[in-house]
Amino acid sequence: MIDLRRLRDEPEYRKAIERKRVVSGLIDELLSADDERRGLEAQVEQLRARQNAASKEIGRVPKEERPAKIAAASELKDELTALTPDLERLESTVRALALQVPNPADPTVPDGGEDDGEVLRVVGETPQAPPHDHAEYGERMGWIDTARGAEASGSRFAYLAREAVMLELGLVQWVMSKLVADGFVPVVPPVLVRERTMEEAGFFPTDRNQVYSLPEDELFLVGTSEVPLSALHRGEILPAADLPARYAGFSTCFRREAGTYGKDTRGIFRVHQFDKVEMFAFVPPEDSDDEHLRILAMEESILTALGLPYRVVNIAAGDLGNAAAAKFDLEVWLPSEGRYRELTSASNYRDYSARRLGTRVRTDHGTELVHTLNGTACAVGRTLVFLFEHGQQPDGTFVVPEVLRAFVGFAEVPPR
RNA sequence: GGAGGGCUGACCGAGUGGCCGAAGGUGCUCGCCUGCUAAGCGAGUAGGGGGUUAUUAGCCUCCUCGAGGGUUCAAAUCCCUCGCCCUCCGCCA
């Protein structure tokens, strides 16, 4: 949720929002509805104050004087009940509109859309394409079965098998232990959440069509453990000493991938279900820039340890999600395609999600909203895609990255 | 599955229709006192929204006693729905 007061008072704030793609007229509509709301709210509160005072008086006054007073108070009540529906309607209008307004982009974020991200640095050598792309290699090695996945569940589902499973679990173990060593609290969160949780995490209403729902139970499958992790301190006022609070969530993630028909259809690059280790941090507002860089550094160290060449992109305003004020994408070289493809990202939500969640920190000068940040530690399935290509030798042997060997139990896999 | 009890401020805990945003205690903050040991005395100590003044303060006001709804001039207190916790019985492992 954006800060309505700042939207009203600070032209700069509004401009930073408009650097993103915003439905035209939305902000003006919101501002005028909010204006109307505050006017009516003042009126209603004044009336309620009078009614409260009248009611209190009844209790203090001798019994015989009560009936007349009660009658007077009744009239005030009637006036009040006449006005409240209007106020309620306005409030929900304001809320519905405000939920659609994205978090303003940081000044450091470049203008433009998808193609306007700023490449901050390029790390590592980009190799030639291997004999087989990940999909072909995966099928050949008996690691990926998309055909049977489709039988069971439809397109964009796959079975993962044999050594690939050990690689998957090894990746999770390795990344998790690395994060725990860095002070992250490991968490396996619920993957089914309430609508409210989706909304407060910043995903609803804007990304609703990307989310699987279970209408029967009014629950939704999370697309990332970021969602339940953000809810971890819902409605809490945290002592300053508890911050930063860093969590490493492991969960399966579910995405409808609506609007991606025909894109990335080979193998398991883009699927409806995958496992992921996610970093999530709650920090004091003044620390969120540092934390953002810290998360980015962790992601880079993971890619480096896996031997994957990558580049860091500062995502442009129009390409930022609804909730992010700034986002770095780490794009890894995909040899078969001869280009960098997104593997992980790190986002700073500032107080956008915290405002919806009501997560605050107690400071010397009162309470303030925390900032929340998240970043991918390891999107397991997609990481395998890159490993299958980068670890594939000319003769078809697969070489396991050094750091994973202790976790997967083997150093290489002979060709099949 | 059956029966019962509970959910109050940072924490413990009182409170069954008005004088309760809420006794008392603990903790914390400030001041005083005391040559000693987890001592004594006093004061203060929720969050959020709106307005106003105009700003690192104050003032007015509304909302919040698990959540949501209802009854009433008036609800922590009565009624309904939901969530969570606990105890006992049963059942399954």
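Keep in mind the model is a prediction, meaning the values are calculated, not measured. The chains referred to below are lettered A, B, ... by the order of the sequence lines, with proteins before strands, and numbering in each begins at 1.
Between A:R60 and A:E41, the residue whose closest nucleotide on RNA chain B is further toward the 5' end is A:R60. Along RNA chain B, the nucleotide nearest A:A71 and the nucleotide nearest A:A42 are compared for position; the residue whose nucleotide lies closer to the 5' end is A:A42.
The pair A:R14-A:E10 fails the salt-bridge criterion, with no side-chain N (NZ, NE, NH1 or NH2) lying under 4.0 Å from an Asp/Glu carboxylate O. Salt-bridge formation is not detected for the pair A:E331/A:R341: no Lys NZ or Arg NE/NH1/NH2 atom is positioned less than 4.0 Å from an Asp or Glu carboxylate oxygen. The pair A:E45-A:R38 does not count as a salt bridge, with every side-chain nitrogen at least 4.0 angstrom from each carboxylate oxygen.
Comparing the P positions of B:G24 and B:C78 gives a spacing of 24 Å, expressed to the nearest Å. Using C1' as the reference atom, B:C80 and B:G27 are 39 Å apart when rounded to the nearest Å. Annotation: B:A10 and B:G1 have their C1' atoms spaced 40 Å apart (nearest Å). Nucleotides B:A54 and B:U64 are separated by 28 Å at their C1' atoms, to the nearest Å. Nucleotides B:A22 and B:C30 have their P atoms positioned 25 Å apart, rounded to a whole Å. For B:G47 and B:A93, the C1' atoms lie 46 Å apart once the distance is rounded to whole Å. When the P atom is used for both B:A75 and B:G90, the distance is 45 Å, rounded to whole Å. Remark: the separation of the C1' atoms in B:U29 and B:G13 is 23 Å, to the nearest Å.
One finds a side-chain N or O of A:R362 lying less than 4.0 angstrom from the OP1 or OP2 phosphate oxygen of B:G47. Of the side-chain N and O atoms in A:R66, none sit less than 4.0 angstrom from OP1 or OP2 of B:A74. Listed pair A:T367 / B:G48 meets the phosphate criterion, a side-chain N or O lying under 4.0 Å from OP1 or OP2. Note on A:K56: a side-chain N or O is less than 4.0 Å away from OP1 or OP2 of B:G21. Note on A:N52: every side-chain N or O is 4.0 Å or more away from OP1 and OP2 of B:U61. For A:Q51 and B:C73, the shortest distance from a side-chain N or O to OP1 or OP2 is not below 4.0 Å. At the phosphate of B:A67, neither OP1 nor OP2 sits under 4.0 Å from any side-chain N or O atom of A:R196.
Pair check for B:A23 finds none; no Watson-Crick or G-U wobble contact set falls under 3.5 Å. Summarising the base pairing, B:A76 is matched to no nucleotide, lacking a Watson-Crick or G-U wobble pair whose two defining distances lie under 3.5 Å. Searching all strands for a Watson-Crick or G-U wobble partner of B:G17 with both distances below 3.5 Å returns nothing. Figure legend. B:U87 is base-paired to B:A3; pairs are counted as Watson-Crick or G-U wobble with both atom distances under 3.5 Å. Of all nucleotides present, none satisfies the Watson-Crick or G-U wobble test against B:U37 with each distance under 3.5 Å. Remark: B:C92 base-pairs with no nucleotide; criterion is Watson-Crick or G-U wobble with both hydrogen-bond distances under 3.5 Å. Pair check for B:U71 finds none; no Watson-Crick or G-U wobble contact set falls under 3.5 Å. Using the Watson-Crick or G-U wobble rule with both distances under 3.5 Å, B:G42 pairs with B:C30.
Nucleic acid contact for A:I237: sugar-phosphate only, since backbone atoms but no base atoms lie under 4.0 Å from a heavy atom of the residue.
A ring pair (Phe, Tyr, Trp, His ring centres under 6.0 Å) with A:F220 is found for exactly one of A:F204, A:Y212, A:F203, namely A:F204.
For the pair A:R95 CZ and B:G48 P, the computed distance is 18 Å after rounding to whole Å. Rounded to an integer number of Å, the gap from CG of A:D242 to P of B:A10 is 14 Å. The interatomic distance linking A:E236 (CD) with B:A46 (C1') rounds to 16 Å, in whole Å. Separating the CG atom of A:L76 from the C1' atom of B:U61 is a distance of 16 Å, rounded to the nearest angstrom. The NZ-C1' distance, from A:K77 to B:G70, rounds to 10 Å in whole Å. When the P atom of B:C62 is taken as reference, atom CG of A:L90 falls 21 Å away, rounded to whole Å. Note: CG (A:D34) to C1' (B:G51) measures 13 Å, nearest angstrom. Rounded to an integer number of Å, the gap from CG of A:L369 to C1' of B:G48 is 11 Å.
Judged by atom type and distance alone, A:E57 does not reach the base of B:G18 through any side-chain donor-acceptor pair under 3.5 Å.
Side-chain atoms of A:V312 and A:E118, non-hydrogen and from C-beta on, never get closer than 4.5 Å to each other.
Aromatic ring pairs are classed by plane angle as parallel below 30°, tilted from 30° to 60° and perpendicular above 60°; the pair A:F388 and A:Y137 is perpendicular.
Aromatic pair A:Y159/A:F157: centroids not less than 6.0 angstrom apart.
For A:R8, the side-chain atoms get nearest to B:G51 when compared with the rest of B:U61, B:G51, B:C73. Listed nucleotides B:G51, B:G47, B:C62 differ in distance to A:R360; the shortest reach to its side chain belongs to B:G47. Residue A:I58 has its side chain nearest to B:G18 when only B:C62, B:G18, B:G51 are considered.
Residue-environment remark: CD (A:E75) stays at or below the threshold of 12 foreign heavy atoms within 6.0 Å.
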